[in-house]
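Scope of the values below: all heavy atoms of this structure, side chains included, with no hydrogens, waters or symmetry mates. Only a predicted model underlies this, so the values are computations on that prediction, with no experimental measurement involved.
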Amino acid sequence: MIIDNVIDFLKTCPLLADREINVDFLADEASFFTIDTLPCEPVLKKYVGGGELCQAAFVLAGREFYTGDYVDNIANVTFYEQLTKWIEKNSRENSLPVLDDGRTAQSMEVITSGYLFSEGQNRARYQLQIRLVYTQDI
């Protein structure tokens with residue numbers, strides 16, 4: 001599955017290497033992550049000779065400590081900025097997720113940079129949106 005391949009890829013990021021990444025579930029504890037699928041048009045282009053150019057969209061969300069303290073909040077924002085840079089750098093260098101089932105990753109981009117999505121009880125959900133473009137054999 002594409003989502004498994006994306007998680008495996010994200011775990012190669014030094015910022016996420018020792019973090020748990022769930023699917024469609026974000027624990028209440030800080031430093032946990034989830035990757036949730038987003039609705040999108042899956043097929044971007046059909047090729048005459050067969051195959052397709054496709055996309056998948058995800059939200060990568062993390063639970064972070066949120067105290068209202070400037071230093072803590074800057075640390076949260078900085079983390080997501082660094083994660084964005086890592087994804088963009090890897091895409092530029094063509095270091096992308098290894099996909100299965102006749103799929104080949106073409107690019108990965110951050111659609112929305114990391115932002116505070118919700119807050120409560122000294123913890124907040126920060127998230128960013130990612131788009132993976134890939135070819136698929138038919």
Side-chain angles (χ1 to χ4, degrees):
M1 291 197 60
I2 290 176
I3 200 162
D4 288 331
N5 303 137
V6 171
I7 289 170
D8 289 344
F9 174 73
L10 290 171
K11 285 184 175 182
T12 67
C13 174
L15 298 166
L16 297 172
D18 61 344
R19 310 278 184 104
E20 183 176 337
I21 303 175
N22 288 312
V23 176
D24 292 336
F25 174 77
L26 183 59
D28 290 332
E29 298 89 30
S31 298
F32 280 83
F33 290 85
T34 183
I35 191 160
D36 305 334
T37 57
L38 289 173
C40 68
E41 185 68 35
V43 178
L44 297 170
K45 183 178 185 178
K46 291 183 182 252
Y47 298 115
V48 175
E52 300 171 329
L53 183 66
C54 301
Q55 69 177 344
F58 308 94
V59 166
L60 176 64
R63 183 80 62 207
E64 309 293 345
F65 288 111
Y66 182 79
T67 62
D69 181 69
Y70 177 83
V71 173
D72 290 339
N73 295 343
I74 282 293
N76 291 337
V77 170
T78 300
F79 174 86
Y80 287 91
E81 284 179 3
Q82 291 172 339
L83 184 55
T84 296
K85 287 179 183 178
W86 183 86
I87 291 168
E88 291 171 346
K89 176 182 180 280
N90 278 276
S91 187
R92 277 192 314 274
E93 295 174 355
N94 205 29
S95 177
L96 298 164
V98 175
L99 306 178
D100 50 19
D101 296 330
R103 300 177 181 126
T104 304
Q106 301 299 311
S107 66
M108 181 178 260
E109 65 182 326
V110 175
I111 299 170
T112 59
S113 57
Y115 60 95
L116 175 66
F117 181 77
S118 63
E119 60 180 276
Q121 299 179 350
N122 296 326
R123 290 180 182 80
R125 176 183 170 125
Y126 284 82
Q127 64 184 38
L128 53 85
Q129 295 177 343
I130 302 168
R131 180 174 87 134
L132 174 67
V133 176
Y134 60 95
T135 55
Q136 179 170 305
D137 298 335
I138 300 252

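- No donor-acceptor pair under 3.5 Å is formed between the side chain of Ser91 and the backbone N or O of Ser107.
- Taking hydrophobic clusters as Ile, Leu, Val, Met, Phe, Trp and Tyr residues chained together by side-chain heavy-atom distances below 4.5 Å, Tyr134 shares a cluster with Ile3.
- In this structure, CD in Glu109 is found 12.5 Å from CZ in Arg92, a value given to the nearest 0.5 Å.
- Partner of Ile35 under the side-chain contact (heavy atoms from CB on, under 4.5 Å) criterion, out of Asn22, Leu10, Val59: Leu10 alone.
- If you take CG on Asn73 and CD on Glu119, they are separated by 9.0 Å, rounding to the nearest 0.5 Å.
- Using a 4.5 Å cut-off on side-chain heavy atoms (C-beta onward), Glu41 and Gln55 make contact.
- Aromatic ring centres of Phe9 and Trp86: separated by under 6.0 Å.
- With sequence neighbours left out, Lys85 forms a side-chain contact (heavy atoms from CB on, under 4.5 Å) with no residue at all.
- Here the CD atom belonging to Gln82 is positioned 13.5 Å from the NZ atom belonging to Lys89, to the nearest 0.5 angstrom.
- Using a 4.5 Å heavy-atom threshold, the side chains of Leu132 and Asn5 count as separate.
- One hydrophobic cluster, built from ILVMFWY side chains closer than 4.5 Å, cannot hold both Leu16 and Phe65; they sit in different ones.
- Of the candidates Leu38, Thr34, Val6, Phe58 forms a side-chain contact (heavy atoms from CB on, under 4.5 Å) with just one, namely Val6.
- Under the 4.5 Å side-chain heavy-atom criterion for grouping Ile, Leu, Val, Met, Phe, Trp and Tyr, Phe79 is connected to Leu60 within one hydrophobic cluster.
- The closest side-chain heavy-atom distance from Phe33 to Glu64 is below 4.5 Å.
- Side-chain contact, Tyr115 with Gln127: a donor N or O sits under 3.5 Å from an acceptor N or O.
- Of all non-hydrogen atoms in Leu96 and Met108, the two that sit nearest each other are CD2-N, 3.8 Å.
- The CZ atom of Arg19 sits 4.5 Å away from the OG atom of Ser31 when rounded to the nearest 0.5 Å.
- Tyr80 and Phe117 are members of different hydrophobic clusters when ILVMFWY side chains are connected at heavy-atom separations under 4.5 Å.
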